[in-house]
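Right, one structure below, let's go through it.
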Amino acid sequence: MPKTYDLIVLGGGSAGFNAARVAASLGKKVAVVDGAKKLGGLCILRGCMPSKTLIYAAEILHLARTGADFGLKVGSASADMGAMQKRKRRIIADFALHRIRQLKAGNFDLVRSNGRFVDSHTIELKGGKKIRAENILIGTGSKVSVPPLPGLASTPFWTSDDVLELEKTPRSVIVLGGGIVATELAQFLARAGTRVCLIQRGDRILRGSSPEASAVVTKAFRDEGIEVHTGTDITDIRTSRGGAQVTFKRKGKTHVKRADHLFNALGREPDTSRLNLEAAGIKTAKNGRILINKWQQTTSPNVYAAGDCSGPHEIVHVAIQQAELAARHMSGVRNLKPLDDSTLLSVVFTDPQVASMGWHDEDLRKKGAKFHSASYPFNDHGRSILMNANYGYARVSASRGNGRILGAEIVGKDAGELIHSLTTPITMGATVQDLLDAPWYHPTLSEIVTYPMEEIAEKLKGKSSN
């Protein structure tokens, strides 16, 4: 007879581990099934942590190279990719070891194997052994997508995995894509000394952010020497002169770009192809994401999904929230609340960084909400000026009725840190006046958010009109 559990978790990454942790804490018998060569999950091994380690190193290099702007004589500064990789691997090894210890020391079984559905309650492991559970959670994450562009599949290309392991600075790279991975790593490569050409099919980069944010980052990239081409129709990709060649049309003109290497950063897709989802009655959307309801249940109600495999947001803290919600729901915990997009938090680690919390103005307009919105530029703010951090702005949006803050977007230096001055207030339903009543130290970057709030407060008093 197959061994039975209350919950089987497929995948030991951020979603899977936290689902297992919560379910076990509720007294459930749990197994985590993960057959990856290395335990740890995408975030630790090939995503958030390694990329941000290298991006921060490149930021320090950029500051050194611009030392003259601050009246400093720094001398020559260059990237030692080998040394950067050595530091990155040491840091990531510590993170991974901690996760491995958590998985092995948790109050659940760790099964080192891949698994596939036999039915909605049964998982077949490699070798044919079967295990069963009342509930199953899918947390298998995502993999690099290879869209059907002419010649892409037959042309050698790098993925983010390859870029994050580079031991030497490449001379030139064409980056396909304009999302978070594409932009973050394109700037990393450029600052490391690579000639970078970024080609985006959509009309702007960072389409998940506001058009204004996209425009600021685009200008910053071009000012740093990165070629940025948007609104393109890619017609051919091929090897050429020992490297890669990409042909695209833009505004009726044909362009041909060549580089030593091609970096496919056109997005990721759910990593579910080996799971035999059909056997469990689990349906997916056209983009491959597992269909879920507000409690993370799939079309087979005893099977749940969380993280990148279901989306809709490929964000680690959201994956954790989804997994914890699923574990509590299947355990019968009462008075649960589904995740709320009105408190969605997002950060892009380009320079300038792009951070947002709550609703974008575009979303509020679509919802028909009545709101005031105001922004203030970094290039007119004392602290950012003395830091030579002149790209970007801080924007706040609030209800016209009571001044409750509905959303905020910060584009600029350390925006990922600054946005957290607003995350708790927005979650708690605070108003702009609530925040203006609090002290804000001068001169700090954080106080920049008070300027748009002051403007909104004046509008709420009727002293000016929107």
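Side-chain contact check for Thr343 and Asp340: no donor-acceptor pair (N or O, by modelled atom type) lies under 3.5 Å. At a cut-off of 3.5 Å, with distance as the only test, no side-chain donor of Tyr391 or Asp351 sits close to an acceptor on the other residue. In this structure, a donor-acceptor pair under 3.5 Å is absent between the side chains of Ser375 and Arg395. Checking Asp361 against Ser373 by side-chain atom types alone, a donor-acceptor pair falls below 3.5 Å. Between the side chains of Thr350 and Glu184, no donor-acceptor pair is found at a separation under 3.5 Å.
The shortest non-hydrogen separation linking Ala326 to Leu137 is CB-CD1, 3.6 Å.
Centroid-to-centroid, the aromatic rings of Phe157 and His261 stay 6.0 Å apart or farther.
Remark: side-chain polar atoms of Gln353 are paired, donor with acceptor, to backbone N or O of Ala415 under 3.5 angstrom. For the pair Asp223 (side chain) and Ala220 (backbone), a donor-acceptor distance under 3.5 Å is absent. Remark: side-chain polar atoms of Thr232 are not paired, donor with acceptor, to backbone N or O of Ile234 under 3.5 angstrom. With hydrogens and angles disregarded, a donor-acceptor distance shorter than 3.5 Å links the side chain of Ser384 to the backbone of Phe378. Judged by distance alone, with hydrogens and angles left aside, the side-chain atoms of Thr159 form a donor-acceptor pair with the main-chain N or O of Asp161 at under 3.5 Å. Side chain of Asp434 to main chain of Ala430: no donor-acceptor pair is present (N/O by atom type, distance under 3.5 Å, no hydrogens or angles).
Separating the OH atom in Tyr56 from the CG atom in Leu61 is a distance of 13.0 Å, to the nearest 0.5 Å. Atoms CD1 and CZ, from Ile180 and Phe349 in turn, are 10.0 Å apart once rounded to the nearest 0.5 Å. Between the CD atom in Glu447 and the CZ atom in Arg383 there is a gap of 10.0 Å [rounded to 0.5 Å]. Taken to the nearest 0.5 Å, the CD atom of Gln85 stands 5.5 Å off from the CD atom of Glu167. Remark: Leu176 CG to Leu149 CG distance equals 7.0 Å, nearest 0.5 Å. Atoms CG and CZ, on Leu460 and Arg400 in that order, are 10.0 Å from each other to the nearest 0.5 Å.
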- Report the C-alpha distance between Ile410 and Val449 in whole Å, list the side-chain angles of each, state the deciding distance to 0.1 Å, and finish with yes or no for side chain to side chain contact (heavy atoms under 4.5 Å, CB included). CA-CA 8 Å; Ile410 304 176; Val449 300; 3.8 Å; yes
- Task: Could you walk me through whether Ile405 and Val396 pass the side chain to side chain contact (heavy atoms under 4.5 Å, CB included) test, one step at a time?
- Result: CA-CA 7 Å; Ile405 302 173; Val396 176; 4.0 Å; yes
- Quick one: do Leu291 and Thr298 satisfy side chain to side chain contact (heavy atoms under 4.5 Å, CB included)? Show the steps, please. CA-CA 6 Å; Leu291 295 174; Thr298 69; over 6 Å; no
- Message: Let's go through Asp94 and Arg90 carefully: what are the C-alpha distance in whole Å and the side-chain angles of both, what is the deciding distance for salt bridge (charged side-chain N to carboxylate O under 4.0 Å, His left out) to 0.1 Å, and is it a yes or a no?
- Response: CA-CA 7 Å; Asp94 288 341; Arg90 183 178 70 252; 6.0 Å; no
- Item | Criterion salt bridge (charged side-chain N to carboxylate O under 4.0 Å, His left out) on Asp233 and Lys249, from CA distance to verdict | CA-CA 5 Å; Asp233 177 19; Lys249 292 182 179 179; 5.9 Å; no
- Query: Hey, mind stepping through Asp380 and Asn390 against side chain to side chain contact (heavy atoms under 4.5 Å, CB included) and telling me if it holds?
  - Reply: CA-CA 8 Å; Asp380 194 42; Asn390 294 310; over 6 Å; no
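In this structure, Pro147 and Leu152 have side chains that are in contact, with non-hydrogen atoms separated by less than 4.5 Å. Side-chain atoms of Arg195 and Val173, non-hydrogen and from C-beta on, never get closer than 4.5 Å to each other. For the pair Gln245/Thr247, a side-chain contact is recorded, criterion being any heavy-atom separation below 4.5 Å from C-beta on. You'll find the side chain of Leu344 reaches within 4.5 Å of the side chain of His313, heavy atoms only. Two residues are said to be in side-chain contact when any heavy atoms from C-beta on lie closer than 4.5 Å; Glu212 and Val216 fail this criterion. Put simply, the side chain of Ser356 does not reach to within 4.5 Å of the side chain of Leu345, judged on heavy atoms. Proximity of Arg87 to Thr53: side-chain heavy atoms (C-beta onward) are separated by under 4.5 Å at one or more points. Looking at heavy atoms from C-beta onward, Ile292 lies out of side-chain contact with Tyr304 at the 4.5 angstrom threshold.
A salt bridge links Arg21 with Glu324; the closest basic N to acidic carboxylate O contact falls under 4.0 Å. Using a 4.0 Å cut-off between a side-chain N of Lys or Arg and a carboxylate O of Asp or Glu, Glu455 and Lys459 qualify as a salt bridge. With respect to Arg171 and Asp260, a salt bridge is recorded, a charged nitrogen being found less than 4.0 Å from a carboxylate O. Under the 4.0 Å criterion applied to side-chain N and carboxylate O atoms, Lys367 and Asp363 are not assigned as salt-bridge partners. Between Glu269 and Arg289, none of the side-chain N atoms (NZ, or NE/NH1/NH2) sits under 4.0 Å from a carboxylate O, so this pair counts as no salt bridge.
In the displayed structure, Arg238 atom CZ is contacted under 6.0 Å by at most 12 heavy atoms of other residues, nucleotides or ligands. Annotation for Phe70: atom CZ counts as buried by contact number, over 12 foreign heavy atoms lying within 6.0 Å. Sparse packing is recorded around CD of Glu417, with 12 or fewer heavy atoms of other residues, nucleotides or ligands lying under 6.0 Å away. Atom NE2 of His98 has 12 or fewer neighbouring heavy atoms from other residues, nucleotides or ligands inside a 6.0 Å radius.
Under the side chain to side chain contact (heavy atoms under 4.5 Å, CB included) test applied with Ile199, the options Ile237, Val228, Val175, Val246 reduce to a single match, Val246. Tested against Glu59 for a salt bridge (charged side-chain N to carboxylate O under 4.0 Å, His left out), the candidates Arg191, Arg65, Lys52, Lys413 yield a single pass: Lys413.
Below 30°, between 30° and 60°, or above 60°: for His381 and Tyr376 the angle between ring planes is above 60°, a perpendicular geometry.
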